[in-house]
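Heads up, the thing below is written out as C-alpha cells.
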Amino acid sequence: MTTEHLVLAVPSKGRLMEQTIDMFGKAGLALRKTGNERGYRGEIVGIDNAEVAFISASEIAWYLKTGRAHMGVTGEDLVREQMSDADDRVEFLKALGFGHANVVVAVPDYWIDVRTMADLDEIAGAFRREHGRWFRVATKYVNTTRRFFAHKGVSDYRIIESLGATEGAPAAGTADLIVDITSTGATLAANGLRVLDDGVILKSEANLIASHAAVWTPAVRQAQNEIMQALGL
Amino acid sequence: MAAETARKFEALEAQAQKIMQVFIKSGHEAVSPAIIQPAGVFLDVIGESLRARTYVFTDPDGDELCLRPDLTVPTCRLHLERHEEAAAKARYCYNGPTFRFQPVGASIAHPREFRQAGIESIGFPERERADAQTVATIIEALRAAGLKTFKLRIGDLGLFRALIRAIEMPDRWRQFLTHLFWRPDAFREELQRLAQPRMATLQSIPAELRDAIEPADLAHSERAVLDYMAAKGIDAIGARSVTEVAASLMWRVADAKADPLPPESVALIEQYLAISGPAKAAGACLKDLLRDRASTMGPVIDSYHRRLQFMSELGVDVVHAEFSAEFGRQLEYYTGFVFEIVSPELGLGSPVAGGGRYDDLMRAAGAKSDVPAVGAAIHTERLLGVTQGGTP
C-alpha cells in the first residue's frame, strides 16, 4: 500500500460486509476484490487512487488507530473499545444505519435487589465479605467497561476477559455479571440476565470513519473527496 | 523509568546499597519476591483501579499472571509461604522493579517501570511502635541517600473507622460509608442521602415483594424471595445465594424505615474530615471535637498521640509533620496509619516515599485471620532525581 493511495478498510465477512458493499453500491461505488476471490485486497471501480482492504471488523479499528487505513467501516463499539481517546484519533463521518448493537451491563435477573449501577456498588462490600473476592464482570469490552464503571463510581470489581459466549458466564459460574452487546435482548433473557436500568453504555452502529493518524497526501485527499461526494457527505 | 544509561543504573545501584544498608541494620531481612506474580491475588486485593494499571498477561498454560505493580503483596505472599503461622513476626526489606501502566503523556516522575526499595513489618501487635519504626527507618534511609529537605504527611484511617463506629447508625450504613471513604465525592453524596428520609429507595423493589420482606426475619424474607422467583419464573444463577439477595432486600426495607442520620452527626463527620494541619495541633483538635465521645474515641486518639510520641523518641521531626483527615483516601488497602514523604522539588502528586498499615491484606492474600502489618517503600528514581538536583 503506497501513501499515494487511499486505503478504505471494510469488513471481510458476514452481514456487515454485505451491508457495507451494498451501501457503497447504492452510492454508485462498486467495491470489487482484485485477484483471488478469497483475497483481502480490492478496488473501488472508477476511483484510481483508492484501494480496499477487506479485514475483520475488530482489526479495522486498529488500522484506523495506527493510520494503516485512511477510512474504514466498523462498529462504534469496537472503535471506542480500542481507543481511550477515539474522538482525537478518528472522525466519525457517518452513522450508517446498520450493524446496530448496544453495549450493556447485564446482571442475573435473579438479583432482585440490583436495578442500577448504584445498587451494584452497594452490594459490592457484602459480596466480598461473603465470597472473599470482588464480583467478576465477564466482557470482551475491557476498556469500555472500566471507563463506564469508573464514570458510575463503581470500583470494586474484577474484569474477566471473555472472548465468546459471554452471556453464558454467570450461569457457568465463571463471572457474576457481564458487559456485552445485545440487539434484541433475547439472548440475555434466555440466559437469565437483565440489563440494568442505567446500564446501556453505548448505542452502537456501523460508522464510516476517517483516521487522523493516516498520511493524507493531496492524492489521498482527492480520492476521499470523490468517495464523500458519491455518498452525499 | 528504567535505568536507561549505564551511569544512571550505577547511580541507582549505589543509592540502593545505601538504603538497603539502613534497612538491614535496623533488623530487616533482605528478600527478592518474584517479579511475575499470579494475577488473581493482586486483582482480588487491590480492586480494579490499580488493575487498570497492572500489566496482566496469559502464559502458554492459560494462567493469568502479572508484572508486580508493587512489592507489598508479593512480600506478604512470601511470608505466607514461609510461615504456616501467618502471625509469625518478621521484618523484610527489598529493592526491585515494579511496573505500572501510565497513559501517553504521563509526567517523567511517573514512569511505567520503577524500582521500589521498601520494608514490611508483619505480625508485630504493638501497632503504634511498629508504625513509628517504619517512618523512622524510611527517613533514615532517605537521609543516608542524601535527601535533605522534605515534609512528612500523616493520616489515620483508624480514626475515621472509630468515628463511624462511635456515631449511632445502622451497621450497614457504617460499612457503606467506610466503603465509600475512598471516593470523597460519592461519600459526601451518600452522607447527604443518609440525612434524608429514605422511603424513595423502596420504589426499586417490586411492590408485591416489598410488602413481604420482614426486616428482622431472614427465614421469612428468604421464603418471600423464593415465592417471588417462582411466580415470575426466575431461576437462581451464579454465586450469590437466595440468603444474600434476601438479606440485601431486608437491609433496604430496614433502611427506609430507619430514622435519617441526625444533622449533628453529619456535621461531626464533616468537621472531622476537614481537620488538617500540624500533627500535634491536629491531635488537640481531635480531642476537642470528639470530647463528647471520649469513651469510644479515647483509645484511638490515645493511639494517635502515642504514635507521635514514639516517632519523636526515634528522632522523627513530628513538629513539622502535617496531619490531614482526608489523607489516605487514594490508597485502598491501607487500614490505619498512613504517611508520605514529599520533597519540595516534586510536590504532593509525586511523593518520594510512602506507606502505612494494612491489617486486612494478609488475610486477603491467604492468611486464616487478620495479621497486623505495616510497610513503606521509596520510589528510588524520584529520590535519585531529587538528590542529584535534576529531573527524576
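Worth saying up front: this structure is predicted, and the values here are computed from it rather than measured. Chain letters run A, B, ... following the sequence lines, proteins first and then strands; every chain starts at 1.
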What pair of heavy atoms forms the shortest contact from A/His131 to B/Ala239, and how long is it? CE1-O, 3.2 Å
Between B/Val56 and chain A, which part of the residue has a heavy atom less than 4.5 Å away: side chain, backbone, both or neither? neither
Counting only non-hydrogen atoms closer than 4.5 Å, does A/Val114 touch chain B with its backbone (N, CA, C, O), its side chain (CB onward), both, or neither? side chain
Would you say A/Asp109 and B/Asp235 make side-chain contact, with heavy atoms under 4.5 Å? no
Got a donor-acceptor contact below 3.5 angstrom from the B/Tyr228 side chain to the A/Ile112 backbone? no
Out of A/Gly153, A/Ala171, A/Gly173, A/Pro170, which one racks up the most heavy-atom pairs below 4.5 Å with chain B? A/Gly153
Give, as side chain, backbone, both or neither, the part of B/Arg363 having an atom under 4.5 angstrom from any heavy atom of chain A. neither
Between B/His179 and A/Asp121, does a side-chain contact (heavy atoms from CB on, under 4.5 Å) hold up when you go through it step by step? CA-CA 9 Å; B/His179 166 75; A/Asp121 190 36; 3.0 Å; yes
Please flag which part of A/Leu177 lies under 4.5 Å from any non-hydrogen atom of chain B: side chain, backbone, both or neither. neither
Quick check for you: among A/Asp85, A/Thr116, A/Asp119, A/Asn191, which has the greatest number of heavy-atom pairs under 4.5 Å with chain B? A/Asp119
Take a 6.0 Å sphere around CZ of A/Arg221 and say whether it holds more than 12 heavy atoms from other residues, nucleotides or ligands. yes
Can a donor-acceptor pair be found, under 3.5 Å and without considering hydrogens, that links the side chain of B/Arg252 to the backbone of A/Asp113? yes
If you count every heavy atom of other residues, nucleotides or ligands that lies below 6.0 Å from B/Asp59 atom CG, does the total exceed 12? yes
Heavy-atom contact with chain B under 4.5 Å, split by part of A/Glu161: neither
Select one option (side chain, backbone, both, neither) describing which atoms of A/Asp197 are under 4.5 Å from chain B's heavy atoms. neither
At a 4.5 Å cut-off on heavy atoms, which part of B/Ala186 comes close to chain A: side chain, backbone, both, or neither? neither
Please report the shortest heavy-atom distance between B/Ile237 and A/Gly192, naming the atom on each side. CD1-O, 4.0 Å
Chain B heavy atoms under 4.5 Å from A/Asp176: which part of the residue, side chain, backbone, both or neither? side chain
Using a strict 4.0 Å threshold on nitrogen-to-oxygen distance, state whether A/Arg128 and B/Glu244 make a salt bridge. no
Intermediate values then yes/no, side-chain contact (heavy atoms from CB on, under 4.5 Å), A/Ile123 and B/Arg240: CA-CA 11 Å; A/Ile123 66 153; B/Arg240 279 183 97 209; 3.7 Å; yes
Donor-acceptor check, side chain of A/Tyr110 to backbone of B/Val242, threshold 3.5 angstrom: yes or no? yes
Out of B/Met229, B/Gln175, B/Lys232, return the one with the most heavy atom pairs under 4.5 angstrom to chain A. B/Gln175
Checking B/Glu190 against chain A: side chain, backbone, both or neither under 4.5 Å from a heavy atom? neither
Are more than 12 heavy atoms, taken from residues, nucleotides or ligands other than B/Gln102, located less than 6.0 Å from that residue's CD atom? yes
Interface moiety of A/Ala169 toward chain B, non-hydrogen atoms closer than 4.5 Å: neither
Interatomic spacing from CG in B/Leu180 to CD in A/Glu122 - rounded to 0.5 Å: 8.5 Å
